Every structure is written in structure tokens, then in C-alpha cells.
Amino acid sequence: QVQLVESGGGLVQPGGSLRLSCAGSGSFFAIHFMGWYRQASGKQRELVARITSGGSTKYAESVKGRFTISRDNAKNTVYLQMDSLEPEDTAVYYCNADVELFMSPGGRPKTFSYWGQGTQVTVSS
């Protein structure tokens, strides 16, 4: 089975930094998109950032210039460097990955979406 495990959450003061990690494990052919979502209390889950296997990135407007997503394909790990944190960033952060379980040589790859259990990030003075 494919598993995603997040780490690095915690309590930080406004203006501080945290680095989240998400490690994927299991049997699969390739991991395509990897990303981070967050869900604040009483709010909808939203995309924070995502990255392709080739390094192309996309960020939510609210975090541009403050957060940086990266990945280590050899380790099947995605990172989220969060700088200049604000109270509005407080949420549970979830790792997500689109995984190709088996090679699809002829057509478009078929992928399956997997989620981690989440890690709490709290920004407060």
C-alpha cells in the first residue's frame, strides 16, 4: 500500500518559520503531483502548493513569496518551507500525492490520489 507520513508541524510565533516534510512509501511505479493542502477549523480544505515530478510549482496567492515547496524524488519526499508565518496560516496541513501504481506505456498514466493524516501548524504569540 501507499502511505504518506507528514512531520514538522508545531507552534510558532508570527514571523517565524517551519519546515514540513512528507515521505511516501509503498509499491508504485511513479509519483506525479505532490502537494500540500490545509484546513483551518470550520473552513474548507484548500490547496497551499503543489509540485510535479519535474519541479513545476503552483502556489495559493495567500502564500506566494512566503512558502516554498520542493521534493526529493529519490526519497519520495515533498517539503514545504514556510517563512513569515501569520496567524491566518494556522491549520492542519495535509500531504497529497497522485501516484501511478503501474506503468502505462501506451496512453495517459492512470493515477490514484493518496492523503496523509495531517500535521497541526499553529501560529500565535
Side-chain angles (χ1 to χ4, degrees):
Q1 298 183 26
V2 178
Q3 294 181 327
L4 302 174
V5 180
E6 304 102 330
S7 62
L11 174 65
V12 66
Q13 293 185 338
S17 298
L18 286 173
R19 183 176 176 85
L20 305 183
S21 299
C22 173
S25 63
S27 298
F28 48 83
F29 176 70
I31 299 178
H32 292 261
F33 292 101
M34 296 189 80
W36 291 93
Y37 291 71
R38 67 186 182 188
Q39 186 168 22
S41 180
K43 304 292 185 179
Q44 295 282 342
R45 186 175 298 188
E46 64 176 351
L47 174 69
V48 178
R50 64 170 174 83
I51 185 169
T52 69
S53 60
S56 180
T57 60
K58 181 179 180 180
Y59 296 92
E61 290 296 325
S62 59
V63 307
K64 282 184 177 179
R66 301 188 297 118
F67 291 8
T68 303
I69 189 170
S70 61
R71 65 189 287 173
D72 185 336
N73 291 331
K75 297 180 179 180
N76 297 315
T77 300
V78 63
Y79 306 93
L80 185 67
Q81 178 66 44
M82 304 186 294
D83 299 318
S84 302
L85 283 162
E86 305 169 351
E88 292 75 19
D89 297 317
T90 296
V92 177
Y93 284 69
Y94 297 91
C95 178
N96 172 255
D98 285 347
V99 180
E100 185 179 1
L101 298 179
F102 305 100
M103 182 176 62
S104 301
R108 290 174 291 181
K110 183 177 181 180
T111 61
F112 299 84
S113 183
Y114 292 87
W115 294 87
Q117 293 298 307
T119 184
Q120 176 71 48
V121 171
T122 302
V123 184
S124 177
S125 60

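Here the structure is a predicted model, which is why all the values come from computation and not from measurement.
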According to a hydrophobic-cluster definition based on side-chain heavy atoms being under 4.5 Å apart (Ile, Leu, Val, Met, Phe, Trp, Tyr only), do Leu101 and Met34 belong together? yes

Distance-minimising heavy-atom pair for Ile69 and Gly35: CD1-CA, 4.1 Å

Between CZ on residue Arg108 and CD on residue Glu100, distance to nearest 0.5 Å: 13.0 Å

Can you confirm whether Gln39 is buried at CD, in the sense that more than 12 heavy atoms of other residues, nucleotides or ligands lie under 6.0 Å from that atom? yes

Under the side chain to side chain contact (heavy atoms under 4.5 Å, CB included) criterion, do Arg66 and Met82 qualify, and how do the steps go? CA-CA 6 Å; Arg66 301 188 297 118; Met82 304 186 294; over 6 Å; no

Beyond-backbone contact of Pro109 with His32, side-chain heavy atoms, under 4.5 angstrom: yes

Taken in chain and number order and not counting sequence neighbours, the residues that satisfy side chain to side chain donor-acceptor pair (under 3.5 Å) with Arg50 are none

dist Thr57:OG1 -> Lys64:NZ (nearest 0.5 Å) comes out at 9.0 Å

Is there a chain of hydrophobic side chains (I, L, V, M, F, W, Y, each step under 4.5 Å between heavy atoms) that links Tyr59 to Val78? yes

Value for CD1 (Ile31) from CD1 (Ile51), rounded to nearest 0.5 Å, stands at 12.0 Å

Minimum heavy-atom distance between Gly8 and Leu18, given as atom pair plus value: O-CD2, 3.8 Å

With Ser113, which residues qualify under side chain to side chain donor-acceptor pair (under 3.5 Å), at least two apart? Asn96

Rounded to the nearest 0.5 Å, what's the gap from OG on Ser53 to CG on Asp98? Could you check? 11.0 Å

With a 4.5 Å limit on heavy-atom distance, are the side chains of Tyr93 and Glu6 in contact? no

Is any side-chain heavy atom of Leu85 less than 4.5 Å from a side-chain heavy atom of Phe67? yes

Any ring pair (Phe, Tyr, Trp, His ring centres under 6.0 Å) pairs touching residues 95-124, not counting sequence neighbours? Tyr37-Trp115

Grab the two heavy atoms, one from Ser125 and one from Pro14, that are nearest each other, plus how far apart they are. N-CD, 3.7 Å

Check Val92, Leu80, Leu20 against Val121 for a side-chain contact (heavy atoms from CB on, under 4.5 Å) and give me the one that passes. Leu20

Side chain to side chain contact (heavy atoms under 4.5 Å, CB included) between Thr111 and Phe33: does it pass, once the steps are laid out? CA-CA 10 Å; Thr111 61; Phe33 292 101; over 6 Å; no

Using 0.5 Å steps for rounding, measure from the CG atom of Leu47 to the CH2 atom of Trp36. 12.5 Å

Find the distance between CD (Gln81) and OG (Ser21) and round it off to the nearest 0.5 Å. 9.5 Å

Side chains of Gln120 and Thr90: closer than 4.5 Å at any heavy-atom pair? yes

With side chains defined as the heavy atoms from C-beta onward, is the minimum distance between Tyr79 and Thr68 less than 4.5 Å? no

